[in-house]
Amino acid sequence: MNQRPVLFPTLKDIGGRTFEKAYGMLQQTISKLCIEHAYLADSSKVDCMDRECFLRLKNRAGSDVQYAVDTLLRMMAFHYGKSVILLIDEYNVPLAKASDYGYYEDMMDVMRVFLGMVWKTNPALKFAIVTGCLRIAKESIFTGADNFISSSISGQRYHQYFGFTEPEVRQMLEDAGFPEKLDEMKQWYDGYHVKTGKRLYNPRSVVMALSNNNLGNYWRNSGPYDEIYYYMEHNVDTVRESLALMISGYPVPVKIREYAAVSQNLETKEEIFSAMVVYGFLSYENGSVSIPNRELMEKFSDMLQKEPSLGYVYRLAKESQQMLQATLAGRTEIMEEILQRAHNTETPLLSYNHEVELTAVVNLVYLAARDNYRVEREERAGIGYVDFIFYPETDRNADGIILELKVDHTLEEAIQQIREKQYALRFRERLGEKRKYTGRVLGVGIGYDKAGKTHRCKVEVLEEQEDSKLTAAVTISN
């Protein structure tokens, strides 16, 4: 801090439908830097050639943009008598937008000179830090340069600076007067992993939640999301089943690739998920990718309900509102019909060889419940573990839901497990707990008969032993 001169250009707004438009925006960005450092032109240490080039850049005349950063660095080094620190933010944005609109090679030529010159034996440069969402490729922008280190959230170097650590979040909550919110903050924004095992929180969302005094979804719909979905949409068969499993809370094994900023054709599942890890849409740990937190789970849920190109996953998600209403009303014939339609889509996911597949299908047919419920999977409840619990979020008088899943097991077994394990205890008011659920607790047992390939539904009413209130148990089985 305050030891050396710093030049800080950001390329986050560079782009347009034509190369001429994008190049003009780059000129304007450099012109603003020149205006900011206008005092350099008056320095007696600056030679005439540098001064002339500087003035042309300042007035946005000529074609000197490619040499702008190098010129400014040399002038600053002359003026201060010290080499300069260079910070370049969002270096990949011009390339991404150029790829979208078809002038990628032209922009690559400009960026190769514009940035590449900085790296090549430049005595005016102390060091540079370049940030962006795509990995730097030596063979693309920095042709011939080998004196830089590339770091990402999955690497060993600087990984702790890609997000907030839990001690940092805890301290911020204490400073704001909300230390009791740590668990909720963890649910919403935690879930990113680094190689050392440490977990990171989404920094922007944590700041927004504290600034607005409200935990919610602050993920921005931005260019990277559109790009990633573009590739996923055109290769949907390779990722559809994996998305359904991740929505259900299961990690998906995948080999993460270190790909370059010039890799615009993401065709395989490995390439697509690697990009999503870099962009922060997925977390990577122990050889598998997963959806990191509630904030991203909401985004994926929205996508599944809005994108017809996802095929059967989209169709199941679209039926989820009807499935939830039928469950709350005890309309077992409608529930049977929806589940049977899900099975009849004849996809590998619905083979039901394991309860994992059944869990994924149930997640999809109840996806709309996430709008009004906090859905938790495999949570400790009573004296055992339950497959799903739906906690009312928007209306504390709404019915709570317990889901128990079985393959080739009877109705009686599902109901008996719900009763004996006392799963409904989670909905009762506890000493010191602020939540109070006043609605019914619906115990939903979902089963599937492999031999008959059928689903059936039955509703029972159970007596809640402690306070004699009635708890309805909606049961689906063979």
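Note that these values count all heavy atoms, side chains included, but never hydrogens, waters or copies made by symmetry.
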Distance, nearest 0.5 Å, that separates [atom1] of [X] from [atom2] of [Y]:
X      : Y      : atom1 : atom2 : value
Asp371 : Glu298 : CG    : CD    : 8.0 Å
Leu282 : Glu285 : CG    : CD    : 13.5 Å
Ile446 : Leu339 : CD1   : CG    : 6.0 Å
Ser242 : Ile247 : OG    : CD1   : 12.0 Å
Glu393 : Tyr391 : CD    : OH    : 10.5 Å
Thr454 : Asp449 : OG1   : CG    : 4.5 Å

**Item:** Stepwise side chain to side chain contact (heavy atoms under 4.5 Å, CB included) test for Ile88 and Thr131
**Value:** CA-CA 6 Å; Ile88 301 177; Thr131 64; over 6 Å; no

Can you tell me if [X] uses its side chain to pair, donor with acceptor, with the backbone of [Y] under 3.5 Å?
X      : Y      : result
Ser320 : Ala317 : yes
Tyr192 : Gly280 : yes
Asn202 : Arg204 : yes
Arg112 : Met107 : no
Ser290 : Pro251 : no
Asn363 : Ala244 : no
Asp399 : Val441 : no
Arg370 : Met297 : no

**Asked** Do we see a donor-acceptor contact under 3.5 Å between the side chains of Ser205 and Glu295?
**Response**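 There is such a pair (donor and acceptor under 3.5 Å, judged by atom type) between the side chains of Ser205 and Glu295.
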
**Prompt:** Charged N to carboxylate O below 4.0 Å: is that the case for Glu319 and Arg315?
**Reply:**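 Here Glu319 does not pair with Arg315 in a salt bridge, since their nearest N and O are not under 4.0 Å apart.
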
**Request:** Dump the intermediate steps for salt bridge (Lys or Arg N to Asp or Glu O under 4.0 Å) on Glu333 and Arg331, then the final yes or no.
**Result:** CA-CA 6 Å; Glu333 72 282 1; Arg331 298 291 303 275; 2.6 Å; yes

Give me the atom names and distance for the closest heavy-atom approach of [X] to [Y].
X      : Y      : value
Leu324 : Ala369 : CD2-CA, 3.9 Å
Phe300 : Met276 : CZ-CE, 3.7 Å
Met323 : Val365 : CB-O, 3.1 Å
Arg240 : Ser309 : NH1-O, 4.3 Å
Val254 : Tyr284 : O-CE1, 3.6 Å
Lys97  : Gly15  : CD-CA, 3.6 Å

Assess the pair [X] and [Y]: is the distance between their ring centroids shorter than 6.0 Å?
X      : Y      : answer
Phe281 : Trp219 : yes
Tyr448 : His455 : yes
Tyr366 : Phe390 : yes

**Message:** Within the 4.5 Å heavy-atom criterion, are Phe273 and Met246 side-chain neighbours or not?
**Reply:** yes

**Message:** I'd like to check Leu405 versus Phe388 (side-chain heavy atoms, cut-off strictly below 4.5 Å). Are they in contact?
**Reply:** yes

**Request:** Only one of Lys186, Arg199, Gln171 passes side-chain hydrogen bond (donor to acceptor under 3.5 Å, both in side chains) with Glu166; say which it is.
**Result:**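 That would be Lys186; it is the only one of Lys186, Arg199, Gln171 passing the side-chain hydrogen bond (donor to acceptor under 3.5 Å, both in side chains) with Glu166.
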
